Amino acid sequence: MLVHLLRRSVLGSGILGIGVKRRCSCALQSVGCPDKAQPADMIRNRAQIKRVLCVAEKNDAAKGISDIMSNGRFRRREGMSKFNKIYEYEYHLFGQNVTVLMTSVSGHLLGLEFKTPFQKWHSCSPVLLFDAEVEKYCPENMVQIKRTLEKEVKQCQLLIIWTDCDREGENIGFEIIDVCKAVKPNIQVLRAKFSEITPNSIRRACDTLSEPDSKVSDAVDVRQELDLRIGASFTRFQTLRLQKIFPESLANQLISYGSCQFPTLGFVVERFKAIQSFIPETFYKIKVLHEVEEDTVEFSWKRNRLFNHTACLVLYQICMEDPIATVTSVTSKPKSKWRPLPLDTVEMEKLASRKLRISAKETMKIAEKLYTRGFISYPRTETNIFPPNLALGPLVEEQTQSSVWGAFAQRVLEQPGGPNPRQGKKSDQAHPPIHPTKHSSSLQGNEGRLYEFIVRHFLACVSQDALGQETVVDVDIAQEKFSTSGLMITARNYLDVYPYDRWTTKVFSRTTGVKYKLIDIERGCVTGTDATHAEHIETIKSRMYVGLTSDQRFLPGELGMGLVEGYNSMGYEMSKPNLRAELEADLKLVSEGRKDKWSVLQHHIQKYKTVFIESVHKAKKLDEALSPYLGAAQEIPEEQQQDMEIPLPIRKCPHCGRDMVLKKKREGNGKYLTCVGYPACKTAVWFPDMVLEVSRDQSICPTCRPAPVHMLKLKFRRGSLPPMMPLEFVGCIGGCDETLREVLDLKYLRAGGSGGSGGGRGDGPHPPAPPPPTAPSSNARPSLPPVPTVVPQPQPPPRALSVSASSDSNTIVCNCGQQALLLTVRKDGPNQGRQFYKCNGGTCGFFLWADQPGQQGASQSWGAPLQVSQPPRTTVNSANAGQTMCHCNETAVTRTVQKDGPNKGRMFHTCGKSREQQCGFFQWADENTPPSGAFDGGYNGGGNGGRQARRITGAATADKPPAAKRPRTCGICHTPGHTRATCPQR
DNA sequence: GCAAGGTC
């Protein structure tokens with residue numbers, strides 16, 4: 001116990017790493033308050049905690065952590081998975097002894113997949129993969145690990161997550177939690193936070209246990225789902241299509257697409273093309289050499305180089321006429337070479353590749369291993385600033401043991417101010433820069449080389465810059481200027497431990513007034529890189545994707561080039577990292593709790609779906625881009641082309657909110673309307689046999705919700721409809737059209753209904769069972785947010801079908817030339833229930849009584865636009881039908897004009913609020929104008945809401961259809977029938 | 001047969 005308390009007091013003295021949330025402010029003097037170091041309210045019944053299950057991300061880490069926590073005195077036993085052992089030992093936690101079971105997973109325990117049948121490549125059009133349901137499942141090779149957890153957690157009262165402290169680690173943590181909670185729902189859960197597997201760090205993690213962060217895990221869920229949907233949809237689409245188009249080259253080739261791999265390919269192609277398109281150009285320069293005994297000093301020309309040979313030759317000859325150089329100046333100034341910045345992951349990969357010739361992948365593999373064995377800190381970090389509370393002294397001291405760089409480490413400790421790191425500008429606020437955590441002299445091979453590099457880099461970074469003195473000599477020959485510089489290193493400092501940087505002394509004697517030897521014109525060539533060499537291009541001709549040249553440079557293959565060019569030609573920046581970068585930025589916001597998981601997911605799904613649909617439409621561009629490499633493109637037969645077409649949404653499914661699309665029946669030529677959520681959602685419309693053809697129309701129903709509900713072009717069998725009805729027309733199946741509703745038996749609109757009559761899916765008739773509730777199924781995290789179901793239509797549907805403008809002479813067309821909308825007067829008054837036509841868009845003011853088509857005369861209805869300004873909005877929904885609503889969308893009050901004048905005693909509707917808050921709505925109670933009814937259903941054609949509604953024309957009265965001439969209106973409320981002097985608003 | 005990210 002004493003040891004424990006002492007340790008705690010040491011830990012409290014300011015060596016907390018970043019990323020470790022310090023929950024107890026009194027930790028600094030907390031010898032007397034061990035309990036407070038844990039958040040008191042986080043643990044229930046701590047006295048009852050006897051057995052604790054700890055789970056690390058991999059076996060190595062579990063072993064390393066156990067070794068530290070048990071001082072090497074753990075018992076090891078087998079779990080169900082032979083790669084993941086169980087380490088058992090006693091530990092002192094929350095002021096009591098507990099038994100710890102430490103085991104591990106092997107990375108992600110669960111994977112994400114489409115539900116059946118969508119895993120099958122030919123199960124659906126790839127675009128549907130943006131909506132298809134997904135679920136988490138435990139892959140075959142993880143089942144044993146899962147069983148171990150399920151078995152062991154049953155005897156435990158607390159679960160501590162010891163996965164790596166990064167995003168993926170947090171998500172893996174939640175996978176472990178989900179599995180454990182499924183068998184033991186009341187298990188308590190804590191999270192250990194650490195950046196190194198070293199005694200200090202592990203003990204600190206035990207003392208600062210916190211709650212797992214679901215926000216960070218959420219960000220990974222979003223990434224996973226997007227990667228799956230994007231990867232699968234694009235891969236299937238381009239593989240299936242290109243295999244058909246280039247059967248000879250690609251018949252058996254999988255052409256994968258991923259949101260990370262494709263921008264990478266794009267980068268390789270871009271670099272390659274830049275190098276290829278580089279045109280080498282010959283240049284010329286004058287070179288001056290000065291020979292002093294054995295040494296030769298080269299002077300560089302101030303003009304650097306000329307691309308014109310004659311010009312250079314002229315200058316050269318002038319110089320040659322009097323080749324005596326005059327020294328014009330000799331300057332000397334101190335110069336320093338900076339020590340390296342603290343090491344982050346990318347820098348480590350770059351330097352390891354450049355200096356050690358170890359690939360990035362190999363570097364990370366080794367670093368990972370060094371980390372789990374406690375030699376270095378967590379190697380995945382974006383930070384290049386050492387946090388001020390990280391004690392560098394002990395880390396440097398550790399290295400003094402080395403026979404190779406120990407003396408240098410000692411020098412660092414003795415230098416004034418001790419270790420003094422250069423500070424970068426990046427911090428991920430989670431992990432410190434990569435640094436050695438303990439000394440080793442036994443590491444071999446690349447492991448040893450990388451470890452040495454990390455140590456040397458660390459020591460260099462905390463030591464001092466190299467210092468030197470630079471001397472610059474300027475000379476003049478026939479007015480042409482040349483110069484050279486020399487360097488004297490005065491203090492090597494960090495260079496002594498860091499052989500990866502070169503900075504060498506360059507000496508020359510300073511002599512003035514001597515004759516310099518002027519030599520020849522040198523001819524040179526501005527060069528590209530070696531990759532231009534023809535033989536490399538030759539070698540990759542046979543390759544299909546990205547290859548590696550003999551000098552380790554990337555070369556894109558023909559397929560890779562074609563794909564990048566093809567997608568580029570579509571105008572999307574798909575081969576650039578932008579799309580992915582945008583996603584990464586949003587993921588960061590999700591992990592910080594600043595953006596909502598579902599909205600980010602939906603936004604990006606929608607964005608990529610749009611790109612996908614466009615790509616399919618422009619797929620020919622892919623063929624064109626590939627055919628220079630792969631030969632002529634094969635034509636795809638028309639019926640197969642139709643299969644590839646993307647079904648565009650007709651409307652949202654009234655039951656689950658996903659898209660409903662027209663699909664071809666498996667048998668016969670007909671189509672049916674189905675929810676893309678099938679089989680989870682079985683909403684569908686099977687058109688009766690009398691419907692010969694059905695297709696999507698561009699027009700959108702103005703009344704049906706949720707918008708947009710696309711109209712359908714329908715063609716009926718002769719004799720199947722009443723004689724006055726046309727056989728072809730554009731109609732709405734959203735519910736507003738009662739006739740169509742009856743004719744097509746649109747049962748799907750009824751809540752709980754599923755599918756229509758007749759037909760039956762190719763894969764068996766589906767039962768008329770009610771569809772499942774919105775999105776969530778067995779998946780704990782549903783793939784779609786709840787979507788509002790269709791609201792009841794705000795008005796009774798018109799009696800007749802809307803008639804297509806082109807189909808026959810019965811068409812009623814408004815002044816915009818569009819088919820007019822048939823509506824019914826609903827206001828109390830003599831015209832209640834009467835039908836009339838109005839402009840569909842609400843813009844031209846067209847009006848016509850349905851029962852008196854001839855009365856108003858063609859000249860008015862079909863001729864010049866009627867001067868009817870926007871009427872007031874009245875009833876907005878069925879709940880308050882018949883009531884007049886003001887602009888605040890509240891029931892208007894009815895008042896009587898009190899003032900003397902022509903309207904005295906007349907009733908009017910106005911906003912019921914106080915004078916200051918009034919919205920300005922006004923309407924005469926005795927004016928039951930049809931146009932106002934025409935804008936029922938919240939259809940506020942003007943778009944700018946209330947203000948216009950004050951403009952009521954006197955012509956639009958109940959028994960008089962609107963006149964073409966605008967009547968005089970009041971200057972205050974713009975209402976006709978009275979003047980400014982008699983305005984009730986005054 | 002698809003992704004990307006863990007891990008072996």
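Sequence lines set the chain letters: A, B, ... in the order given, protein chains first and strands last, and positions in each chain run from 1. Please read all numbers here as calculations on a predicted model, not as lab measurements. Computed from heavy atoms alone, side chains included, the values below leave out hydrogens, waters and symmetry copies.
Comparing B/dG6, B/dC8, B/dA4 by their closest approach to the side chain of A/His108 singles out B/dG6. In this structure, of B/dC8, B/dC2, B/dG6, it is B/dC8 that holds the atom nearest to the side chain of A/Ser106. You'll find that the side chain of A/Glu368 is closest to B/dT7, out of B/dG1, B/dG6, B/dT7. The side chain of A/Lys58 lies closest to B/dT7 when the candidates are B/dC2, B/dT7, B/dA4. Checked against B/dG1, B/dG6, B/dC8, the side chain of A/Asp166 finds its nearest nucleotide in B/dG6.
Regarding A/Ile366, its CD1 atom lies at a distance of 16 Å from the C1' atom of B/dC8, rounded to whole Å. Rounded to whole Å, the distance from OH on A/Tyr137 to P on B/dC2 is 12 Å. If you measure from atom NZ of A/Lys136 to atom C1' of B/dG5, you get 12 Å, rounded to the nearest angstrom. Put simply, CG on A/Asn141 is 12 Å from C1' on B/dG6, counting in whole angstrom units. Taking atom OH of residue A/Tyr608 and atom C1' of nucleotide B/dA3, one finds them 11 Å apart after rounding to whole Å. Going from atom CD of A/Gln224 over to atom P of B/dA4 covers 13 Å, rounded to whole Å. When rounded to the nearest whole Å, the span between CD1 of A/Ile176 and P of B/dG6 equals 15 Å. When rounded to the nearest whole Å, the span between CZ of A/Phe174 and P of B/dG6 equals 17 Å.
For the OP1/OP2 pair of B/dG6 and a distance below 4.0 Å, the side-chain nitrogens and oxygens of A/Arg380 include at least one atom meeting the criterion. Within the 4.0 Å cut-off from OP1 or OP2 of B/dA3, at least one side-chain nitrogen or oxygen of A/Ser256 is found. In terms of phosphate contacts, A/Gln261 brings a side-chain nitrogen or oxygen within less than 4.0 Å of OP1 or OP2 of B/dA4.
At distances below 3.5 Å, not a single donor-acceptor pair connects side-chain atoms of A/Tyr137 with backbone N or O atoms of A/Glu113.
One finds no salt bridge joining A/Lys215 and A/Glu170 here, because no Lys/Arg side-chain nitrogen approaches an Asp/Glu carboxylate oxygen to under 4.0 Å. A salt bridge is defined here as a Lys NZ or Arg NE, NH1 or NH2 lying under 4.0 Å from an Asp or Glu carboxylate O, and A/Glu614 with A/Lys621 fails to meet this definition.
Within the nucleic acid shown, A/Glu113 comes within 4.0 Å of at least one base atom, counting heavy atoms only. Contact annotation for A/Thr235: backbone-only contact, meaning every heavy-atom pair under 4.0 Å involves sugar-phosphate atoms and none involves a base. Across all strands, A/Met142 comes closer than 4.0 Å to base atoms (heavy-atom distances). Among the heavy atoms of the strands lying under 4.0 Å from A/Leu228 is at least one base atom, whether or not backbone atoms are also near. Using a 4.0 Å heavy-atom cutoff across all strands shown, A/Arg167 reaches no nucleic acid atom at all.
With contacts defined as side-chain heavy-atom distances shorter than 4.5 Å, the pair A/Met574/A/Val564 does not qualify.
Sequence order on DNA chain B of the closest nucleotides to A/Ser259 and A/Gln243 puts A/Gln243 first from the 5' end. Comparing A/Leu109 and A/His122, the nucleotide of DNA chain B nearest to each residue sits closer to the 5' end for A/His122.
Taking the 5.5 Å centre cut-off and the 30° plane limit, the aromatic side chain of A/Tyr257 is not classed as stacked on B/dA3.
Residue A/Lys181 qualifies as open at atom NZ: its count of foreign heavy atoms under 6.0 Å is 12 or below.
A/His603 and A/Asp586 are not linked by any side-chain donor-acceptor pair at a separation below 3.5 angstrom, with hydrogens and angles left out of the test.
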